[in-house]
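So you know, we letter chains A, B, ... as the sequences are listed, proteins then strands, and number each from 1. Note that this is a predicted model, so its numbers are computed, not measured.
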Amino acid sequence: MTLSLYNTMTRTTSEFKPLVEGKVGIYLCGATVQGAPHIGHIRSGVNFDILRRWLTHLGYDVTFIRNVTDIDDKILHKAVHENIPWWEVAMKYEKAFAWAYETLNVQSPTYEPRATGHITQMVELMQTLIDNGSAYAPGNGDVYLDVRALKSYLTLSNQKLDDLQSTGDSEDSFKKDPRDFALWKAAKPGDPSWPTPWGAGRPGWHLECSAMAHAYLGAEFDIHGGGLDLIFPHHENEIAQSESAGWGFAKVWMHNAWVTTSGEKMSKSLGNSLLVSEIVKKVRPIELRWYLGSAHYRSMVEFSFEALEENSINFRRIEGFLIRASEILQRTPDISISEKFAAAMNDDLAVPTALADISDLVREGNSAITAGDNQSLGTIAAQVRGALYILGCDPFDSVFASGAGSNSSAMDGLVSLALAQREAARARKDFAAADAIRDQILELGIIIEDTPAGPRWTLAR
RNA sequence: GGUGGAGUGGCCGAGAGGCGAGGCUCAGGACUGCAAAUCCUGCCACACGGGUUCAAAUCCCGUCUCCACCUCCA
């Protein structure tokens, strides 16, 4: 059984073959740090984190690059607006993203390059492109890529150059063709700039990613990821620049779909952003991650708090099973991968199909608990935990320490005291007193369940 | 105008020629002092109109509706 992935370039799902046996290089377009992360941003991080975890499980040595775009128009605008230096804006939101990734258990990239740290590589790339006639510097300080000189263009979005709507941009008089795009933007007064042979300025967005991908992954690499909206123009332009420089560039292109609200794409301009920092006040981070990760990465997620809550209930059912299993087995379940889960994941990360397997396993596991079959329980619990680990939602992961098994011994002692009184009341058939204790404890946020092995308690979520 | 995606039961969501994924909700049952948790059973489907086929949610033709991208975007 081998891994198949959908490639946006070919519009088909085919077997994944790494360029170098046993190794995978991934470049994911990360954030432009101009605002706090909303759940759409973080979905991309979660989806590709699942891909990375799965590749790692399959035994690949994964080099995962996720860049930070720390210089761009919006960052500069924000700096002016807030009257602080542009680098303060960039760092502030870079930290906000880092917090969100960490909170949602997204593994840290192998390398996380910043655009401003790779100006040298960008200048070198531009020099190559100008030398071979692919790009030109018209003298105003800008550098453009000459799209008419390209052997091929728009192969990823499958469009024709002439079908593109004209931009109606009248300020582009220096361009040979209105569809030529800027590799480098001439410095404006007051803006940060870096020197180049063609004048001082700052990098265009597309140039950054080509230069950084090349710096860390080489002329060609396995997988390039990003959001659906990056296909055009960002990824097309990355391809154009990189191929013009003679690089093979990415072999597989993967794009995650949107998180939408009310059927519309979330975006800053619509003002309906749902910040990660706000949502984790309403549900636990592990539940938000479960919600974002449990849909197929190429399917749109229509966000609603109702759906989020429903998904959380589903997750708690699975989590509850694992916690009960660990109590009965008196140890944390192992991590193993079931064949069905593996088959689903190998089919272009078919997480929803894999979820059906998890549900079946949980049902079987619960039945094993009832039957007192601890051997089966151990096997099943390990497979459930293994699946959750790949999805980044392992309740025993220390990242989610506020979840399972974190009840302090002091608290356990106090609750046990109350439970002992309740058991005494039940023994003398004083059910009014027993129920009163249960109700009072419930008001404090603690749920009591009577099991054949005696009462157990958990914190209400 | 160009490119791409979607329409499945009360709700959310898989599947891609033949056995109704799964979850939530609802109804009933088992268990329980009562609950909770859990298990079992049931209810309710493939946007519309044609066609191909022994067989269509799935393939083909047409129609309707919705969404995204076409130089800010995860």
Select one nucleotide: of [options], the one nearest the side-chain heavy atoms of [X].
X      : options             : result
A:D163 : B:C70, B:A74, B:G2  : B:G2
A:S367 : B:A74, B:C39, B:C11 : B:C39
A:E449 : B:A36, B:C34, B:G22 : B:A36
A:K74  : B:A74, B:U71, B:C72 : B:C72
A:R324 : B:A37, B:C70, B:U71 : B:A37
A:T353 : B:G2, B:A14, B:A74  : B:A14
A:R363 : B:U38, B:C34, B:C40 : B:C40
A:D360 : B:C70, B:U38, B:G22 : B:G22
A:R11  : B:U71, B:A74, B:G4  : B:G4
A:F431 : B:C39, B:G33, B:A36 : B:G33

For [N], the Watson-Crick or wobble partner whose two distances fall under 3.5 Å:
N     : answer
B:C43 : none
B:G49 : B:C61
B:C34 : none
B:G9  : none
B:A21 : none
B:A55 : none
B:A68 : B:U3

Using a cut-off of 4.0 Å on non-hydrogen atoms, how would the nucleic acid contact of [X] be classed: base, sugar-phosphate, or nothing?
X      : value
A:G40  : base
A:I448 : base
A:D229 : base
A:D73  : nothing

is_close_aromatic(A:H118, A:Y216), centroid dist under 6.0 Å:
yes
Would you call [X] and [Y] a salt bridge, taking side-chain N to carboxylate O under 4.0 Å as the test?
X      : Y      : answer
A:E94  : A:R114 : yes
A:R324 : A:E327 : no
A:R363 : A:D360 : yes
A:R284 : A:E287 : yes
A:R66  : A:D49  : no
A:D394 : A:R385 : yes
A:R438 : A:E443 : no

Answer yes or no: side-chain N or O of [X] and base N or O of [N] forming a donor-acceptor pair under 3.5 Å.
X      : N     : answer
A:R438 : B:C34 : yes
A:N158 : B:C70 : no
A:N314 : B:G22 : no

Closest-nucleotide mapping onto RNA chain B: is A:S44 or A:Q159 further toward the 5' terminus? I mean the 5' end.
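Nearest nucleotide further toward 5': that of A:Q159.
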For A:L355 and for A:D450, locate the closest nucleotide of RNA chain B by heavy-atom distance; then report the residue assigned to the nucleotide nearer the 5' terminus.
A:L355
Value in whole Å for how far the [atom2] atom of [N] lies from [atom1] of [X]:
X      : N     : atom1 : atom2 : result
A:H234 : B:U71 : NE2   : P     : 16 Å
A:H255 : B:U3  : NE2   : P     : 19 Å
A:F321 : B:A36 : CZ    : P     : 21 Å
A:L377 : B:A37 : CG    : P     : 19 Å
A:Y291 : B:C24 : OH    : P     : 17 Å
A:L104 : B:A74 : CG    : P     : 17 Å
A:E302 : B:A6  : CD    : C1'   : 12 Å
A:L274 : B:A74 : CG    : P     : 16 Å

Atom [atom1], compared across [N] and [M]: separation rounded to whole Å:
N     : M     : atom1 : answer
B:C46 : B:U8  : P     : 11 Å
B:G28 : B:C12 : C1'   : 24 Å
B:U53 : B:G17 : C1'   : 9 Å
B:C60 : B:C67 : P     : 25 Å
B:C44 : B:C24 : C1'   : 14 Å
B:C66 : B:C26 : C1'   : 29 Å
B:C48 : B:U38 : P     : 36 Å
B:U65 : B:U25 : P     : 36 Å

Looking at A:S299, I'd like to know whether one of its side-chain N or O atoms comes within less than 4.0 Å of OP1 or OP2 on B:A14.
yes
Tell me whether the OP1 or OP2 atom of B:A36 has a side-chain N or O from A:R422 closer than 4.0 Å.
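The answer is no; no side-chain N or O of A:R422 sits under 4.0 Å from OP1 or OP2.
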Can you tell me if A:T260 and A:E302 form a side-chain donor-acceptor pair at under 3.5 Å?
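Distance-only check passes for A:T260 and A:E302.
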